[in-house]
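Here the structure is laid out as structure tokens; the discussion comes afterwards.
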Protein chains: 2
Amino acid sequence: MSSDARQRLVVGTMQLLARRGLGGTSFADVVELTGAPRGSIYHYFPGGKDELVQAAIDLANENALTALSPASGKPVTEVTKQFLGMWRELLARSSFTAGCSVLAVTVAAESAGLIDHAGEIFRRWRRDLAGHLTTAGLGPDTADAAATFLIAASEGAVVLARAERSMEPFNVVSTQLLSYMRQLENEADTIEAETT
Amino acid sequence: MSSDARQRLVVGTMQLLARRGLGGTSFADVVELTGAPRGSIYHYFPGGKDELVQAAIDLANENALTALSPASGKPVTEVTKQFLGMWRELLARSSFTAGCSVLAVTVAAESAGLIDHAGEIFRRWRRDLAGHLTTAGLGPDTADAAATFLIAASEGAVVLARAERSMEPFNVVSTQLLSYMRQLENEADTIEAETT
DNA sequence: GTCTATACGAAGATAGAC
DNA sequence: GTCTATCTTCGTATAGAC
């Protein structure tokens with residue numbers, strides 16, 4: 001398979017971005033981690049680092065959407081738990097050394113194109129998550145707002161957990177978020193009961 | 001004043017960290033931005049970049065605590081607005097090119113000491129903010145949780161706003177947070193009314 | 001498709017003059 | 001306290017052989 005090296009490069013770059021940030025991720029690091037041929041980088045990514053990084057956060061995007069898809073059709077709290085679980089697992093498996101690669105790129109990008117790409121990914125997450133919440137019974141506006149809130153608080157919680165090297169702040173935020181979402185769920189059920 | 005150059009270096013480093021991240025902040029950048037003498041860096045910070053960055057996020061810490069202090073003694077929603085206002089102003093003044101320097105260091109730090117330092121700052125913010133919320137009438141546990149929630153969601157909202165180059169996600173999160181905090185305020189008032 | 005070699009600049013850090 | 005010069009390492013990127 002000719003694109004095997006390419007895929008390894010993308011996966012490795014995503015992991016390194018999540019751990020060391022954009023400036024801390026060099027080609028040498030990526031090659032060392034993945035074992036991919038050095039010559040493959042510019043073969044598959046003639047645009048250089050920007051193009052490789054873009055592909056890496058695209059992968060992070062797809063991974064997130066995939067991780068969220070089993071929550072489709074489930075209740076609001078289940079969707080919330082699914083999203084939180086994704087981040088909790090990342091923190092646990094990495095012993096708090098990894099976070100969100102899209103966030104890492106956002107706060108360190110030097111090219112406007114990379115920032116815009118990160119922005120599109122976040123928009124995509126917001127839209128996708130809002131879709132799940134709408135399916136779960138929330139009104140469109142409520143779902144939109146809740147999705148953005150959920151993403152922002154989760155991202156922040158991951159950063160706090162990394163900095164403190166502890167799951168505690170993440171757990172605190174998870175509890176608050178679940179409480180908030182449960183309430184939205186109840187309000188939606190109440191409205192539905194009143195109007196049917 | 002002999003420490004004038006030192007102060008300029010620290011301020012400039014903090015600003016650059018907030019804009020370009022840790023890896024994107026070089027001594028050359030700092031010297032150019034601040035106009036400080038090149039020779040001053042290792043004179044005031046013999047520990048090199050780590051020591052300078054540490055001083056920079058210490059300044060960010062103090063700035064945040066100072067910005068929050070006028071909220072002391074005010075209601076829960078006022079404390080919340082004060083905290084959110086600090087970040088909103090940063091986003092607006094920088095046209096979405098700047099964020100939190102402590103977050104930037106957290107996601108890109110290569111030395112354990114720097115991460116731990118960032119962790120201590122976040123802990124400090126959580127404690128300080130919880131103190132204000134307790135003064136405002138929340139119970140200690142509720143105040144602790146709400147403070148962490150507020151910080152996490154704000155940090156995440158700043159990242160989303162930067163990525164999308166828009167205040168919209170930040171506004172959405174602000175609204176949700178205020179709604180949540182208002183509710184805690186009401187619950188606390190109710191309990192107080194019942195027990196007095 | 002992948003390799004080695006290398007160009008070229010920039011990074012952090014150090015030494016010694018002033 | 002500040003300067004210039006320099007060391008060394010590392011970064012991205014390119015060229016050309018295989």
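Chain letters run A, B, ... following the sequence lines, proteins first and then strands; every chain starts at 1.
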- request: Send over the distance from A:Tyr42 OH to D:dA17 C1', rounded to a whole Å.
  value: 20 Å
field: Euclidean distance, atom CZ of residue A:Phe45 to atom C1' of C:dG1 [Å, nearest integer]
entry: 14 Å
- line: Looking only at heavy atoms, the pair that brings B:Ala153 and B:Leu177 closest together is CB-CD1, 3.8 Å
- request: May I ask you to evaluate whether A:His43 reaches the phosphate of C:dT2, defined as a side-chain N or O under 4.0 Å from OP1 or OP2?
  value: no
field: Closest to the A:Phe27 side chain, choosing from D:dT2, C:dA13, D:dT12
entry: D:dT12
task: Specify the separation, in whole Å, of atom NZ of B:Lys49 and atom C1' of C:dA10.
output: 12 Å
field: d(CG, A:Leu9; C1', C:dT2) in whole Å
entry: 12 Å
message: I need the CG-C1' distance between A:Asp29 and D:dT9, as an integer number of Å.
response: 14 Å
- prompt: Does the side chain of A:Ser40 get closer than 4.0 angstrom to OP1 or OP2 of C:dG1 through an N or O atom?
  reply: no
message: Could you tell me how far apart B:Arg38 (CZ) and C:dC18 (P) are, to the nearest whole angstrom?
response: 20 Å
field: Heavy-atom closest contact (B:Thr134 atom, B:Ala143 atom, distance)
entry: OG1-CB, 3.4 Å
Kindly list each side-chain donor-acceptor pair under 3.5 angstrom involving residues 158-169 of chain A, sequence neighbours excluded, with atom names and distances?
| residue | atom | partner | partner atom | Å |
| --- | --- | --- | --- | --- |
| A:Arg162 | NH1 | A:Ala18 | O | 3.3 |
| A:Arg162 | NH2 | A:Ala18 | O | 3.4 |
| A:Arg162 | NH2 | A:Arg19 | O | 3.0 |
| A:Arg162 | NH2 | A:Thr97 | O | 3.1 |
| A:Glu164 | OE1 | B:Arg123 | NH1 | 3.3 |
| A:Glu164 | OE1 | B:Arg126 | NH1 | 2.9 |
| A:Glu164 | OE2 | B:Arg126 | NH1 | 3.0 |
| A:Arg165 | NE | B:Asp116 | OD1 | 3.2 |
| A:Ser166 | OG | A:Glu168 | N | 2.9 |
| A:Glu168 | OE1 | B:Arg126 | NH1 | 3.1 |
| A:Glu168 | OE1 | B:Arg126 | NH2 | 3.0 |
| A:Glu168 | OE2 | B:Arg126 | NH2 | 3.0 |

statement: Sorted by chain and residue number, the side-chain hydrogen bond (donor to acceptor under 3.5 Å, both in side chains) partners of A:Arg127 (sequence neighbours excluded) come out as none
field: Proximity to the side chain of B:Tyr44 - top-ranked nucleotide from D:dT14, D:dC3, D:dG1
entry: D:dG1
task: Nearest whole angstrom, please: distance from the P of D:dA13 to the CD of A:Glu51.
output: 11 Å
Integer-rounded Å distance: C:dA10 C1' and B:Glu32 CD: 14 Å
- prompt: Between C:dA11, C:dT2, D:dG11, which nucleotide has the shortest distance from any of its atoms to the side chain of A:Ala28?
  reply: D:dG11
